[in-house]
Amino acid sequence: MSRFFKAEISGSDILNSDICLLSLKPHAEYEHPLPGQFYMLQAIGCYDPLLKRPFSIFSIKNNNLSFLFRVRGKATKILSSLKKGEVIDVIGPLGNSYPEPGSDFVAVAGGVGVASLYNLIEKYSCRAHFFYGAKTKDELVLLDKISSLAKELTIVTQDCSCGLEGVVTDACADAICIPDSALNGLPVYACGPNPMLKALHSRLSGKGIKCYVSLEEHMACGVGACLGCVVKGINEYKRVCKEGPVFSMDEIQW
Ligand SMILES: Cc1cc2nc3c(=O)[nH]c(=O)nc-3n(C[C@H](O)[C@H](O)[C@H](O)COP(=O)(O)OP(=O)(O)OC[C@H]3O[C@@H](n4cnc5c(N)ncnc54)[C@H](O)[C@@H]3O)c2cc1C
Ligand code: FES
C-alpha cells in the first residue's frame, strides 16, 4: 500500500469564518492512520505554494479521511475552496501517534489543536476529560460532537463568551492539581499553539504527570529528509515529522 495517493474531495464545509472541515475519498487502498498521525496535502497542479502542507488526521468514517484546518495562508485557502469531486495529492499517514491511553485520560486542545485530538477521543470514546479552549466562542467548533464523545467537556474562553473564563492550560492544571482530584494520575494529551504547550509544561512538569504533546512546526518534506522541522530536545534535535509530531513533554526543551 503506497503512502502517496490521490484522493477526491467528498465534502467541504466551512464551520465558521476560517475553519474548514475537508473530507477525502482515497482513490486507492490506503493505510489506516492512528490518532496523532498526519498527512501532507496539496491541490493537483499547485506550484504556489510549491510545498505540500501538513494536517493531522481528524476522523476516518466510511472510507473517508477528514481534516479540520484553519485558513491561514495560500495553501489552506486553496484547499478550503476545492469543490466536491476535485482531486488532490496526499502523502500519509506520517509521523508517530499518541500512545494508547490505558484508562481514562485528559485531553487539552487550544483552538484548532482540536483537530489532532478529535480522532483520539473518537477512538477512545467516553474516556476523555476534554478541556477545549479558544480566545472566543466563535473559534470553538463541533461542540455537540465533542461533548458526545468525551466523558466530560470543559470549555474555556479568554473573553468568557463560552464556558469558564481564562486560558485552557490553567483550567486543566487547576482541575488536575486539586487534592484527590479524579484527574490526578491520568495521562494528559495536548495540542495547540506552542505558547499554550509551554504554559502547560510550566504548570505540570515535576508533578509526576505523563503528558504527551503534538507539536506543529513548518515542514518541507514531511518524511525526515530536510531537517526543516527540527526542535530542540533535551539531548538532541528532534524532527517533528519523523520522531514526532507527538512527544513526551519532558523530551522537549521548552
Ligand atoms: C504535524 C502537523 C499537523 C498539523 N495539523 C493541522 C491541522 O490539523 N489543522 C490546522 O489548521 N493546521 C495544522 N497544522 C498547521 C498547518 O500545516 C499550517 O497552518 C499550514 O501549513 C499553513 O499553510 P498556508 O500555506 O495556508 O499558510 P502559510 O502561508 O504557510 O502560513 C500562514 C501563517 O501561518 C503560520 N504557520 C504556518 N504553518 C505553521 C505551523 N506549522 N505552525 C505555526 N504557524 C504556522 C505562518 O508563520 C504564517 O504566519 C499542522 C502542522 C503540523 C506540522
Ligand atoms: S519536514 Fe523535512 S525533516 Fe521534517
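Note that ligands are numbered from 1 as they come in the structure, with each ligand's atoms numbered from 1 the same way. Fair warning: this is a prediction, and the values are worked out from it, not measured in the lab.
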Please round to the nearest 0.5 Å and tell me the distance separating atom CG of D138 and atom CG of L15. 12.5 Å
Donor-acceptor list for residues 214-230 side chains, cut-off 3.5 Å, not counting sequence neighbours:
none

Rounded at 0.5 Å granularity, tell me how far CZ in F130 sits from CD1 in I121. 5.0 Å
Nitrogen or oxygen atoms of K77 and ligand 1 under 3.5 Å apart: no
Say whether S23 and N64, considering side chains only, have a donor N or O and an acceptor N or O under 3.5 Å apart. no
4.0 Å protein heavy-atom contact status of atom 16 (C) of ligand 1, strictly under: yes
Ligand 1 versus P54, non-hydrogen atoms closer than 4.0 Å: side chain, backbone, both, neither? both
Ion pair present between R203 and D174, side-chain N to carboxylate O less than 4.0 angstrom? yes
Are side-chain N/O atoms of D250 and S248 paired as donor and acceptor at under 3.5 Å? yes
Contact partition for H218 relative to ligand 1, non-hydrogen atoms under 4.0 Å: both
Any heavy atom of F69 under 4.0 Å from ligand 1? The part involved is both
Does an N or O from R70, backbone or side chain, lie closer than 3.5 Å to an N or O of ligand 1? yes
Does even one non-hydrogen atom of F55 get within less than 4.0 Å of ligand 1? yes
Can you tell me how far CD of Q42 sits from CD1 of I88, rounded to the nearest 0.5 angstrom? 9.0 Å
Assess L68 for proximity to ligand 1: is some non-hydrogen atom of it under 4.0 Å away? yes
Hey, are S116 and Y189 close enough side-chain-wise for a donor-acceptor pair under 3.5 Å? no
Going by distance only, is there an N or O of G73 that falls short of 3.5 Å from an N or O of ligand 1? yes
Under 4.0 Å between heavy atoms, the region of T76 that gets near ligand 1 turns out to be both
Run the side-chain contact (heavy atoms from CB on, under 4.5 Å) check on H129 and K151 step by step: do they pass? CA-CA 6 Å; H129 298 263; K151 182 165 188 171; 3.9 Å; yes
Between E216 and ligand 1, which residue portion shows a heavy-atom distance shorter than 4.0 Å: side chain, backbone, both, or neither? both
What's the count of protein N, O or S atoms under 2.8 Å from atom 2 (Fe) of ligand 2? 2
Verify the contact flag for atom 27 (O) of ligand 1, where contact means a protein heavy atom under 4.0 Å away. yes
Between N194 and ligand 1, which part of the residue brings a heavy atom under 4.0 Å of the ligand: side chain, backbone, both or neither? neither
Minimum-distance protein heavy atom relative to atom 44 (N) of ligand 1: R72 NH1, 3.8 Å
